[in-house]
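First the structure, in the form of structure tokens, and then the observations on it.
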Amino acid sequence: KLEAISLALQTLRRLRCVCRKYLPLITLAGTFATVQSNLFPHSSFSSGNSSYAGTMASSGEFEFSAAFVTCPGEDSAKKLARGIVEQKLAACVNIIPGIISVFEWKGSVTEDSEILLMIKTRTSRIPDLAAYVKQNHPYEVPEVISVKIDQGYPGYLAWLAEAVPHAAVTDSGT
């Protein structure tokens with residue numbers, strides 16, 4: 001399992017461009033398909049066979065997303081990650097160092113070293129997560145993007161469901 005995690009981290013480190021404003025989701029989806037194939041090359045998980053994935057990820061009751069946020073340094077990444085988990089906005093936040101972002105900001109092309117947060121949460125909590133990040137992030141315009149998780153190990157998804165409460169439902173009639 002540690003070798004698989006190490007391989008996944010190496011693959012993610014090869015991702016050299018995480019743009020604060022416009023990350024093409026097709027590239028992101030391709031990257032994670034590659035990570036998934038490398039982690040589980042002979043399993044039904046990598047081939048998309050629903051017998052391994054179960055039904056939790058696609059049912060209306062259990063919808064999950066992976067959100068991505070870049071941070072300027074380790075201290076801000078750890079502080080933000082800890083706050084996100086303490087506020088129960090996510091079950092887990094991976095802190096992935098070594099990202100180099102190339103992006104256009106205020107009329108010029110910039111290159112910065114950053115740290116990527118990979119955040120696993122309920123899809124319904126993404127707006128709350130984005131608000132928390134905006135309030136606590138050092139960037140003027142923090143990157144907060146997400147992709148839905150369409151498959152996953154049922155035990156992990158059950159743990160995620162238990163760890164992250166549903167978003168509060170507001171009564172719009174009052």
Side-chain angles (χ1 to χ4, degrees), residues 5-36 57 62-152 156-157 159-161 163-172 174:
I5 292 170
S6 176
L7 179 60
L9 288 175
Q10 288 173 3
T11 302
L12 287 171
R13 284 185 181 129
R14 289 184 187 124
L15 178 65
R16 290 290 187 196
C17 180
V18 178
C19 180
R20 282 190 182 105
K21 201 167 182 184
Y22 303 109
L23 179 66
L25 293 180
I26 191 89
T27 302
L28 185 61
T31 300
F32 283 100
T34 301
V35 170
Q36 185 179 7
F62 297 104
E63 284 201 359
F64 304 106
S65 290
F68 302 90
V69 173
T70 52
C71 295
E74 187 176 323
D75 290 341
S76 64
K78 284 181 177 180
K79 182 178 177 184
L80 198 58
R82 180 169 290 282
I84 288 167
V85 173
E86 287 174 348
Q87 294 295 311
K88 297 202 174 287
L89 295 170
C92 177
V93 179
N94 300 113
I95 300 172
I96 305 167
I99 301 298
I100 299 172
S101 297
V102 179
F103 54 94
E104 185 177 331
W105 181 250
K106 296 187 178 182
S108 63
V109 176
T110 304
E111 183 177 306
D112 277 334
S113 293
E114 293 184 300
I115 294 177
L116 179 66
L117 301 182
M118 184 169 63
I119 304 162
K120 279 77 72 183
T121 188
R122 289 182 184 270
T123 302
S124 66
R125 297 309 303 265
I126 295 295
D128 297 330
L129 174 66
Y132 181 86
V133 170
K134 174 63 179 149
Q135 184 176 9
N136 294 283
H137 200 287
Y139 288 161
E140 180 182 340
V141 180
E143 172 185 14
V144 182
I145 59 172
S146 68
V147 293
K148 285 191 177 179
I149 298 170
D150 66 354
Q151 294 184 39
Y156 182 84
L157 297 177
W159 169 76
L160 199 152
V164 181
H166 287 282
V169 177
T170 58
D171 183 6
S172 60
T174 58

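Residue indices begin at 1 and follow the sequence shown.
Judged as a side-chain hydrogen bond (donor to acceptor under 3.5 Å, both in side chains), and not counting sequence neighbours, Glu111 has no contacts. Gln135 meets the side chain to side chain contact (heavy atoms under 4.5 Å, CB included) test with no other residue; sequence neighbours excluded. Partners of Asp75 under the side-chain hydrogen bond (donor to acceptor under 3.5 Å, both in side chains) rule, at least two apart in sequence or in another chain, do not exist in this structure. Judged as a side chain to side chain contact (heavy atoms under 4.5 Å, CB included), and not counting sequence neighbours, the contacts of Lys148 are Glu63, Ser65, Thr123.
With rounding to the nearest 0.5 angstrom, the CD1 atom of Ile119 is 5.0 Å from the CG atom of Leu117. Note that the CD1 atom of Ile115 and the OG atom of Ser76 stand 6.5 Å from one another [nearest 0.5 Å]. Considering CG of Leu116 and CD1 of Ile95, their distance stands at 10.5 Å, rounded to 0.5 Å. Atom CZ in Arg122 sits 11.5 Å away from atom CD1 in Ile149 (nearest 0.5 Å). Distance OG1/Thr70 to CG/Asp112: 9.5 Å, rounded to 0.5 Å.
Looking at every heavy atom in both residues, Pro142 comes nearest to Tyr139 through CD-O, 3.7 Å.
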Could you go through residues 124-133 and list every donor-acceptor pair under 3.5 Å that involves a side-chain atom there, pairing it with any protein atom two or more places apart or in another chain?
{"unit_1": "Arg125", "atom_1": "NE", "unit_2": "Asp128", "atom_2": "OD2", "d": "3.0"}
{"unit_1": "Arg125", "atom_1": "NH1", "unit_2": "Pro165", "atom_2": "O", "d": "3.1"}

Which donor-acceptor pairs under 3.5 Å do side chains of residues 78-93 form with protein atoms, sequence neighbours excluded?
{"unit_1": "Lys78", "atom_1": "NZ", "unit_2": "Glu74", "atom_2": "OE2", "d": "2.8"}

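His137 contributes no side-chain N or O that, together with a main-chain N or O of Glu143, makes up a donor-acceptor pair within less than 3.5 Å.
Side-chain contact between Val164 and Phe64 is absent, with no heavy-atom pair separated by less than 4.5 Å.
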**OP:** Mind running side chain to side chain contact (heavy atoms under 4.5 Å, CB included) on Lys134 and Val144 for me, showing each step along the way?
**Re:** CA-CA 9 Å; Lys134 174 63 179 149; Val144 182; over 6 Å; no

